[in-house]
Number of protein chains: 2
Amino acid sequence: MDSESGEAFPASIEAAWGLRERPHKGPKRGLTLERIVSAAVKVADEDGLDAVSMSRVGNELGSSTMALYRYLATKDELLTLMLDAAVGPPPPLPEGLGWRRGLESWATSMRAAILAHPWTVHLLMPKGPPATPNQLAWLDQFLQILQDTRLPASAKLATQLLISGHVWSHVSITAAITLDTEPGSLRRWREYEPFLRRVTGGGRLPGLRAALDEGAFGDDAGAPDDHFVFGLERALDGVEAHIRSLG
Amino acid sequence: MDSESGEAFPASIEAAWGLRERPHKGPKRGLTLERIVSAAVKVADEDGLDAVSMSRVGNELGSSTMALYRYLATKDELLTLMLDAAVGPPPPLPEGLGWRRGLESWATSMRAAILAHPWTVHLLMPKGPPATPNQLAWLDQFLQILQDTRLPASAKLATQLLISGHVWSHVSITAAITLDTEPGSLRRWREYEPFLRRVTGGGRLPGLRAALDEGAFGDDAGAPDDHFVFGLERALDGVEAHIRSLG
DNA sequence: GTCTAGCGTGTATGGTATACGCAGTATCGC
DNA sequence: GCGATACTGCGTATACCATACACGCTAGAC
């Protein structure tokens with residue numbers, strides 16, 4: 001009665017919320033969504049995201065490939081739930097931090113949660129509205145942190161967009177540098193600076209060349225974490241000024 | 001002599017810079033990297049990124065699948081060059097804008113360039129350091145815009161991280177809403193608000209619930225562009241305050 | 001004129017997601 | 001108790017995919 005024809009959100013996501021009533025007939029189910037997802041996470045942790053195939057996950061569970069499709073409609077659903085499980089819920093916030101330190105903590109925790117399973121970086125591109133329990137829990141915590149400010153809700157969401165975008169930027173680059181286990185990837189970063197010198201020769205790309213000459217790409221350039229903190233603080237400065245302007 | 005054993009960067013990228021000396025022997029080449037890439041872009045524009053297969057691109061050019069491998073070592077290289085070609089170079093900046101309006105313009109142009117080919121969103125995850133001509137041209141323009149400020153080069157780079165992360169956030173969500181042509185995706189957004197009401201029932205996720213009750217997810221919520229502008233302005237406010245503090 | 005590097009192509013390999021049908025099982029309505 | 005039935009896990013089959021490799025040919029180098 002409630003929904004017209006089909007479900008708007010996949011059954012596997014409803015199941016992740018525990019909203020699915022038990023089916024009553026037929027044989028007992030031999031697997032659990034949770035077991036499937038954590039097996040897939042284990043595979044990704046051990047052998048990378050590319051190693052996660054339906055048959056590999058099935059084997060890992062002592063089941064067949066096709067058994068998984070009794071729990072998931074597509075592989076995409078599995079990936080969505082893997083991201084949700086790997087990132088996990090946000091750690092509880094210390095009390096009385098104030099919104100600014102709260103958001104700092106939120107962003108730092110999110111960065112850490114993602115980098116704890118570097119393959120999650122490749123799943124951050126949203127395929128639809130955020131709908132899984134942990135993803136929404138992170139969003140919820142962000143909004144709670146801003147609750148006592150005078151920011152309207154849409155500004156809170158826009159702020160979340162800004163901060164999470166920055167986190168994404170940072171983890172993407174970090175993952176590209178450190179996660180990449182392909183041969184030659186380290187060499188690529190080592191030879192990056194000379195490469196840039198080459199392509200900025202003859203007056204091309206003067207802005208980039210100036211940064212190079214200032215040593216911004218050298219070995220003694222700041223750690224990527226410094227870039228993360230810098231951007232985060234500037235963003236929060238801007239938000240703070242705006243909040244103040246609201247009285 | 002210059003490089004020890006192999007090239008750190010793929011030959012196709014060197015070719016994109018026009019740095020490749022012509023090979024002299026053998027039959028004339030029937031194709032061009034440029035022709036291959038633009039054929040692939042055409043396929044992606046018409047039928048989506050999933051339709052871009054080596055055989056499809058080969059067919060599109062009247063060639064065989066394997067001919068492409070004389071120009072590209074892997075499909076990944078093709079995707080990298082597709083992104084570079086689709087985004088294109090940054091539009092020339094109006095003179096005398098000042099850094100703040102310059103960065104606003106930069107971010108807005110970048111957003112527009114990405115959304116002009118929505119499939120590029122799925123290629124924004126960096127696979128290594130940015131090395132293609134147009135990507136570096138965007139970075140260069142960003143750095144040029146900040147050239148007259150007292151910001152040290154590493155802060156300029158960190159600022160670029162912040163702004164481009166925000167652009168990514170925004171285009172990702174925009175693409176997830178509008179680009180998604182799968183059946184049921186529109187319904188999914190339509191039913192998103194009721195879905196959130198359901199999972200925030202019983203006191204769960206109170207921050208999110210409050211935002212819901214404030215109408216932040218309703219049909220009359222601000223356009224996503226408003227969120228983009230809000231975040232961008234806050235970020236620039238923070239950068240501006242920091243620049244001022246440098247004297 | 002011969003040599004050979006580089007070209008385009010056809011075929012083969014090992015992988016992928018997933019549609020479909022089958023045989024068995026456990027609960028429901030009676 | 002006893003079908004009927006809905007659901008289970010699984011084996012097979014399909015249609016892709018990227019790409020390794022070997023072949024015959026072409027055209028510049030010597």
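Within every chain, numbering begins at 1; the chains are lettered A, B, ... in the order of the sequence lines, protein sequences first and strands thereafter.
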inquiry  = Nearest whole Å is fine: how far is D/dT19 P from B/Tyr71 OH?
reply    = 18 Å
query = Atom CZ of A/Arg56 to atom P of C/dG15: distance rounded to whole Å?
reply = 12 Å
ask   = Should the pair B/Trp119 and B/His117 be assigned to parallel (<30°), tilted (30 to 60°) or perpendicular (>60°) ring geometry?
value = perpendicular
message = It should be established whether B/Ser63 places a side-chain nitrogen or oxygen under 4.0 Å from OP1 or OP2 of nucleotide C/dG8.
response = no
ask   = Taking the side chain of B/Met66 as its heavy atoms from C-beta onward, which of C/dT25, C/dG6, C/dG10 lies nearest to it?
value = C/dG10
message = For the backbone of B/Gly88 and the side chain of B/Trp138, can you confirm whether one donor and one acceptor N or O come within less than 3.5 Å of each other?
response = yes
request  = State whether B/Glu191 and B/Arg198 are salt-bridged, where the test is any N-O pair (Lys NZ or Arg NE/NH1/NH2 against Asp/Glu carboxylate O) under 4.0 Å.
outcome  = no
request  = Could you state the atom-to-atom distance from OH of A/Tyr69 to P of C/dT16 in whole Å?
outcome  = 11 Å
A/Lys75 NZ - C/dG15 P separation (whole Å) = 14 Å
note = The answer to which of B/Ser53 and B/Lys28 contacts DNA chain D further toward the 5' end, by nearest nucleotide, is B/Ser53
note = Which of D/dT12, D/dT19, C/dC7 is nearest the side chain of B/Arg29? It is C/dC7
key: Heavy-atom closest pair, residues A/Val121 and A/Ala175   = CG2-CB, 3.9 Å
task = Report the distance from atom NZ of B/Lys25 to atom P of D/dA27, rounded to the nearest whole Å.
result = 14 Å
ask   = Are B/Arg70 and C/dG8 close enough that a side-chain N or O sits under 4.0 Å from OP1 or OP2?
value = no
Euclidean distance, atom CE of residue A/Met54 to atom C1' of D/dC10 [Å, nearest integer] = 14 Å
inquiry  = For a quick check of understanding: with a heavy-atom distance under 4.0 Å over all strands, which category does B/Thr65 fall into, base, sugar-phosphate or nothing?
reply    = base
request  = Classify the nucleic acid contact of A/Ser64 as base, sugar-phosphate or nothing, counting any heavy atom under 4.0 Å across all strands shown.
outcome  = base
ask   = What is the distance from CG of B/Leu68 to P of D/dT19, rounded to the nearest Å?
value = 11 Å
Within 45° cone and under 6.0 Å: B/Arg35 NZ/CZ vs B/Tyr71 ring = no
Whole angstrom value for the distance that separates P of D/dG9 from CD1 of A/Ile36 = 8 Å
